[in-house]
K.L.:
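The structure is given below, and queries will be raised subsequently.
Everything numeric here is computed off the predicted structure, so don't read it as measured data. We number each residue from 1, following the sequence as shown. Both counts, for ligands and for their atoms, begin at 1 and track the order of listing.
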Amino acid sequence: MIIKGNFLYTPSIDEMVVKEQAYLLIENGKVKAFYDTLPEEYRQEKVIDYGEAIIIPAFNDVHIHAPQLINRGVGFDKELLPWLETYTFPVEAKYKDVAFAEKAYKLFLNRLWAVGTMRFSAFATLHKDATWRFMELAEQSGLSGYIGKVNMDRNLPDILIEDTEQSLADTEELIIRSREELKEFSYILTPRFVPATTEKLMQGLGDLGEKYNLPVQSHLSENRSEIAWVKELHPSIEDYTRVYEAYGLMRSNRTIMAHAIWLSDKEKDFLKEKGVMLAHCAQSNADLSSGVMPLRKNLERGLRCCIASDIAGSHTPDMNRHVAASIELSKVNWLSHPEEKALQLPEALYLATKQSGSFFGKVGSFEEGYDFDALVIETDEMDGLLPRTPFEKLEQYIYDGNDRNILARYCKGKFVAKPFA
Ligand code: GUN
Ligand code: FE
């Protein structure tokens with residue numbers, strides 16, 4: 001396959017490549033080579049010409065609560081813990097009903113497709129049957145990634161609490177079934193967060209991680225009341241990070257921890273050594289008044305930070321808006337912390353494409369050997385009155401674009417059509 005257009009991508013955090021009116025050769029779903037003029041041997045091949053549109057790597061969202069999408073924008077008068085109790089848990093409880101869950105998960109997959117998120121790692125709910133239905137639907141969607149049933153067995157309302165043994169048994173059943181029946185989606189261990197998981201449950205999940213060599217996703221150090229609660233629950237463990245480690249849930253290079261706002265230097269050294277992916281969720285951290293992750297400092301320290309949505313702690317699944325939110329929050333942070341240089345747009349794009357993509361393999365760039373996951377974007381419909389460079393089109397899309405600007409989506413070299421009618 002050969003695609004022509006204006007390509008932009010970020011091989012590293014401080015480099016953006018722009019290839020104007022270039023030809024890209026894609027072989028077996030992977031990026032092969034760019035050409036300014038098409039070599040003789042390919043002259044007979046059909047070229048898909050996207051004209052003046054820009055083509056960027058598709059987004060990867062490594063922290064998203066699929067069942068919460070239908071609750072986006074609701075309840076930001078509260079901070080994390082009362083927000084969970086008041087607004088989030090009652091909605092997640094509805095997924096006990098598989099028919100309800102099926103409708104909501106189809107909406108979710110359609111929406112992620114629309115906004116150009118081709119890979120994701122999602123929390124489902126605690127319900128085994130609804131989570132399995134979600135996994136089956138995701139497998140048909142043309143997207144790719146990880147899904148986990150949430151594990152939660154303490155400090156919860158009756159409508160949403162699990163028996164520890166049953167939680168572990170349900171998890172193992174989903175692990176085995178997804179290995180047997182799915183190709184595009186695989187299982188990720190998903191303890192909700194330390195306050196909602198007993199030691200026995202965490203240890204059981206850590207053991208499953210070892211047994212099946214699984215990735216893990218959870219929440220870390222998001223809100224100050226949450227952190228104080230973790231200290232109360234585990235007084236003999238040094239810090240929040242080390243609670244997960246104590247139960248085998250900090251798996252090297254295979255763990256995503258969302259938020260990670262209020263970490264000590266010792267926790268950061270540990271997370272760096274383990275290669276834990278820290279999902280920075282700027283919009284959520286503002287919406288739930290959680291705090292501001294010192295992103296620049298963390299990046300300079302060598303921590304593996306990326307940008308993610310955390311819907312519905314945030315109000316939109318559109319990753320372009322999370323790129324913008326990360327830049328905006330870092331500028332506000334810079335005003336009070338002048339040593340923490342604000343994030344530039346190419347850096348933020350890198351964090352939402354190649355950096356987050358590294359959790360899925362060679363994903364998120366147009367370098368040779370990378371999976372061709374891409375979005376074709378045209379912003380002229382916004383006004384079209386001024387000629388715009390490809391980079392300016394990217395800027396306008398990041399700040400004011402939406403799904404209507406995305407003309408085509410590719411995942412693993414395949415054109416992806418809208419998943420569900
Ligand atoms: N911590 C535990 N559960 C949640 C959740 O659903 N959303 C967010 N943002 N933080 C959490
Ligand atoms: Fe979250």
K.L.:
Between E92 and ligand 1, is there a nitrogen or oxygen pair with a distance under 3.5 Å?
P.N.:
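No, there is no polar N/O contact under 3.5 Å.
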K.L.:
Just heavy atoms, cut-off under 4.0 Å: does E226 contact ligand 1 by side chain, backbone, both, or neither?
P.N.:
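It is neither; nothing of E226 touches ligand 1.
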K.L.:
Only one of K96, K149, K200, R154 passes salt bridge (Lys or Arg N to Asp or Glu O under 4.0 Å) with E162; say which it is.
P.N.:
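Result for salt bridge (Lys or Arg N to Asp or Glu O under 4.0 Å) with E162: K149.
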K.L.:
Output yes when a side-chain donor or acceptor of S264 lies under 3.5 Å from a complementary backbone atom of E267, and no otherwise.
P.N.:
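Indeed, once roles are kept as given, a pair shorter than 3.5 Å links the two residues.
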K.L.:
Is the shortest heavy-atom distance from the side chain of V98 to the side chain of H127 under 4.5 Å?
P.N.:
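No, too far: nothing below the 4.5 Å cut-off.
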K.L.:
Using the six-membered ring of F123, assess whether NZ or CZ of R192 lies under 6.0 Å from its centre and within 45 degrees of the ring axis.
P.N.:
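No, cation not above the ring by the 6.0 Å, 45° rule.
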K.L.:
In H63, the N, O or S atom nearest to the Fe ion (ligand 2) is which?
P.N.:
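Sorting the N, O and S atoms of H63 by distance to the Fe ion (ligand 2) puts NE2 first.
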K.L.:
Any idea which atoms of ligand 1 are less than 4.0 Å away from a heavy-atom of F193?
P.N.:
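In order of number, 1 (N), 2 (C).
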K.L.:
With respect to the Fe ion (ligand 2), please indicate if H259 possesses an N, O or S atom at a distance under 2.8 Å.
P.N.:
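So H259 does not bind the Fe ion (ligand 2) by this criterion.
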K.L.:
If you apply the rule side chain to side chain contact (heavy atoms under 4.5 Å, CB included), what do you find for N223 with W83, and how did you get there?
P.N.:
CA-CA 12 Å; N223 169 286; W83 171 80; over 6 Å; no
K.L.:
Main chain of K32, side chain of E27: is a donor-acceptor contact present, judged purely on distance under 3.5 Å?
P.N.:
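Not at all, since once roles are kept as given, no pair shorter than 3.5 Å links the two residues.
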K.L.:
Taking backbone and side chain together, does C281 place any N/O/S atom at a distance below 2.8 Å from the Fe ion (ligand 2)?
P.N.:
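It does not: C281 brings no N, O or S atom closer than 2.8 Å to the Fe ion (ligand 2).
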K.L.:
Decide whether an N or O pair under 3.5 Å exists between S284 and ligand 1.
P.N.:
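N/O-N/O distance below 3.5 Å does not exist for this pair.
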K.L.:
If you look at D310, which of its N/O/S atoms is nearest to the Fe ion (ligand 2)?
P.N.:
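Nearest N/O/S atom of D310: OD1.
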K.L.:
Calculate the angle formed at the Fe ion (ligand 2) by NE2 in H65 and NE2 in H219; 10° precision is enough.
P.N.:
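For NE2 of H65 and NE2 of H219, the angle centred on the Fe ion (ligand 2) reads 90°.
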K.L.:
Can a cation-pi geometry be assigned to K19 and F7, taking NZ or CZ under 6.0 Å from the six-membered ring centre and within 45° of the ring axis?
P.N.:
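No, K19 does not lie over the aromatic ring of F7.
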K.L.:
Quick test: of every protein heavy atom, which one is nearest to atom 6 (O) of ligand 1, and how far off is it to 0.1 Å?
P.N.:
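Atom 6 (O) of ligand 1 sits closest to the protein heavy atom R192 NH2, 2.7 Å.
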K.L.:
Determine, for R242 against D239, whether the closest basic-nitrogen to carboxylate-oxygen distance falls under 4.0 angstrom.
P.N.:
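So R242 pairs with D239 through a salt bridge.
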K.L.:
Is the contact between W83 and ligand 1 made by the side chain, the backbone, both, or neither, using heavy atoms and a 4.0 Å cut-off?
P.N.:
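For W83, only side-chain atoms sit under 4.0 Å from ligand 1.
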K.L.:
Give a yes or no on whether E222 keeps an N, O or S atom under 2.8 Å from the Fe ion (ligand 2).
P.N.:
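Given the 2.8 Å cut-off, E222 does not count as a ligand of the Fe ion (ligand 2).
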K.L.:
Among all protein heavy atoms, pick the one closest to atom 9 (N) of ligand 1 and tell me residue, atom and distance.
P.N.:
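Scanning the protein heavy atoms, the shortest distance from atom 9 (N) of ligand 1 goes to D310 OD2, 2.8 Å.
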K.L.:
Return yes if a side-chain donor-acceptor contact under 3.5 Å exists between E92 and T125, otherwise no.
P.N.:
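Checked: E92/T125 side chains show no N/O donor-acceptor pair below 3.5 Å.
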K.L.:
Enumerate the atoms of ligand 1 whose separation from the nearest heavy atom of H65 is less than 4.0 angstrom.
P.N.:
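That gives atoms 5 (C), 6 (O), 7 (N) of ligand 1.
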K.L.:
Could you tell me whether some N/O pair between E222 and ligand 1 is separated by less than 3.5 angstrom?
P.N.:
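Yes - when backbone and side-chain N and O of E222 are compared with those of ligand 1, one distance drops under 3.5 Å.
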K.L.:
Check each atom of ligand 1 against the heavy atoms of L84 and keep those under 4.0 Å away; list them by number with element.
P.N.:
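Taking each heavy atom of L84 in turn, ligand 1 has 2 (C), 3 (N), 4 (C), 5 (C), 6 (O) under 4.0 Å.
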K.L.:
To the closest 0.5 Å, what do you measure between NZ (K211) and CD (E172)?
P.N.:
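K211 atom NZ to E172 atom CD measures 4.0 Å (nearest 0.5 Å).
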K.L.:
Closer than 4.0 Å to some heavy atom of L80 - which atoms of ligand 1 meet that?
P.N.:
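The atoms of ligand 1 under 4.0 Å from a heavy atom of L80 are 8 (C), 10 (N), 11 (C).
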K.L.:
Do any nitrogen or oxygen atoms of T88 come within less than 3.5 Å of a nitrogen or oxygen of ligand 1?
P.N.:
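No, no N or O pair falls under 3.5 Å.
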K.L.:
Would you say the side-chain atoms of N405 pair up with the backbone N or O of G401, donor to acceptor, closer than 3.5 Å?
P.N.:
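Looks like no, no N/O pair under 3.5 Å.
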